[in-house]
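Data first, discussion second: the structure below is written as structure tokens.
As the structure is a computational prediction, the values presented were derived from the model and not from experiment.
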Amino acid sequence: QVQVVESGGGSVQAGGSLRLSCTASSTIFSITDMGWWRQAPGKQRELVATISGDGNGETHYADSVAGRFTISRTTDEDTVYLQMNNLKPEDTAIYYCNARHIQGTRYENRHEYDNWGQGTQVTVTS
């Protein structure tokens, strides 16, 4: 069982900044990769950024946020942050956190992203 808790959403003006936080925990699984998705009204959910949990900390960003958003995680790798700078109105969406977990010890056998948080609303005004 994996629990994902996120926070940090709010309303800001264009050009402003916001930082989202997400913590994933489990009593029986190990948490590995984590990431952020978002869903705007009338749109499908899209990937925003991910960060690996295998030790190299490799990150991936959607083209629409590259250079403005930064994903990071704590040393224990159970909490991730999404620093959002120079926000634009088109960034308005519900932002969701997700995490991959491992039943054993092999990173290659990690589960897919199927542990969704509740979502947090980000609104950027003109």
Within 45° cone of Tyr96 ring axis and under 6.0 Å: Arg45 NZ or CZ = yes

Would Ser64 and Arg38 count as a side-chain hydrogen bond (donor to acceptor under 3.5 Å, both in side chains) if you check the C-alpha gap in whole Å, the side-chain angles of each, and the deciding distance to 0.1 Å?
-> CA-CA 12 Å; Ser64 59; Arg38 68 185 182 185; 3.3 Å; yes

Determine, stepwise, if the pair Tyr95 / Gln121 fulfils side chain to side chain contact (heavy atoms under 4.5 Å, CB included).
-> CA-CA 6 Å; Tyr95 284 70; Gln121 178 70 50; over 6 Å; no

Say you draw a straight line from CD of Gln103 to NE2 of His101; how long is it, rounded to the nearest 0.5 Å?
-> 5.5 Å

Over all atoms of both residues, closest heavy-atom pair of Val124 and Thr92 | N-OG1, 2.9 Å

State the OG-CG distance between Ser17 and Asn86, to the nearest 0.5 angstrom.
-> 8.0 Å

Cluster question for you: counting only ILVMFWY and a side-chain heavy-atom cut-off of under 4.5 Å, with indirect links fine, are Ile28 and Val5 together?
-> no

If two hydrophobic side chains count as joined below 4.5 Å and joins carry through other members, does Val65 share a cluster with Val122?
-> yes

Measure from the side-chain N and O atoms of Asp33 to the backbone N and O of Gly53, and report whether any donor-acceptor pair falls under 3.5 Å.
-> yes

Thr59 side-chain N/O to Ile51 backbone N/O, donor-acceptor pair under 3.5 Å | no

Derivation and outcome, side chain to side chain contact (heavy atoms under 4.5 Å, CB included), residues Thr32 and Asp54 | CA-CA 7 Å; Thr32 58; Asp54 65 351; over 6 Å; no

What distance separates Ser30 OG from Ile102 CD1, expressed to the nearest 0.5 Å?
-> 6.0 Å

Is Gln13 atom CD crowded by more than 12 heavy atoms from other residues, nucleotides or ligands, each under 6.0 Å away?
-> no

Do any N or O atoms from the side chain of Ser52 and from the backbone of Gly57 form a donor-acceptor pair under 3.5 angstrom?
-> yes

Just how far is it from atom CG of Asn98 to atom CH2 of Trp116, taken to the nearest 0.5 Å?
-> 4.5 Å

Does any N or O in the side chain of Thr120 come within less than 3.5 Å of the main-chain N or O of Gly9, such that one atom is a donor and the other an acceptor?
-> yes

Kindly check if the number of other-residue, nucleotide or ligand heavy atoms within 6.0 Å of CD (Glu108) is above 12?
-> yes

Provide the closest heavy-atom pair for Leu87 versus Met84 in the form atom of the first, atom of the second, distance.
-> CD2-CB, 3.7 Å

Is the shortest heavy-atom distance from the side chain of Arg110 to the side chain of Arg100 under 4.5 Å?
-> yes

Heavy atoms only: give me the nearest Tyr61-Thr70 pair and the separation to one decimal.
-> OH-CA, 3.4 Å

Is a side-chain donor or acceptor of Asn109 paired with a backbone partner of Arg106 at a separation under 3.5 angstrom?
-> no

Flag the pair Leu20 / Ser7 as yes when at least one side-chain heavy-atom distance between them is below 4.5 Å, and no otherwise.
-> no

If you look at every heavy atom in Ala93 and Ala40, which pair is closest and at what distance?
-> CB-N, 3.7 Å

Do Ile94 and Leu47 belong together in a cluster built from hydrophobic side chains that touch within less than 4.5 Å?
-> yes

Exercise: identify the closest heavy-atom pair between Asp91 and Arg68 = OD2-NH1, 2.8 Å

Check whether any side-chain N or O of Ser26 sits under 3.5 Å from a backbone N or O of Gln1 as a donor-acceptor pair, and report yes or no.
-> yes

Value for SG (Cys22) from OH (Tyr81), rounded to nearest 0.5 Å, stands at 10.5 Å

Intermediate values then yes/no, side chain to side chain contact (heavy atoms under 4.5 Å, CB included), Asn85 and Leu18 = CA-CA 7 Å; Asn85 297 325; Leu18 204 62; over 6 Å; no

Backbone N/O of Gly119 and side chain of Glu6: donor-acceptor pair under 3.5 Å = yes

Which atoms form the tightest heavy-atom contact between Cys97 and Val80, and what is the distance?
-> SG-CG2, 4.1 Å

Atom pair OG1/OH of Thr105 and Tyr107 - distance to nearest 0.5 Å = 14.0 Å

Side-chain contact, heavy-atom cut-off 4.5 Å: His111 with Val2?
-> no

Is there a donor-acceptor contact under 3.5 Å linking the side chains of Thr23 and Thr79?
-> yes

Apply ring pair (Phe, Tyr, Trp, His ring centres under 6.0 Å) to the pair Trp36 and Phe69, showing each step before the final yes or no.
-> CA-CA 11 Å; Trp36 292 92; Phe69 291 10; over 10 Å; no

Checking Asn115 side chain against Ala99 main chain: does a donor-acceptor pair fall under 3.5 Å?
-> yes

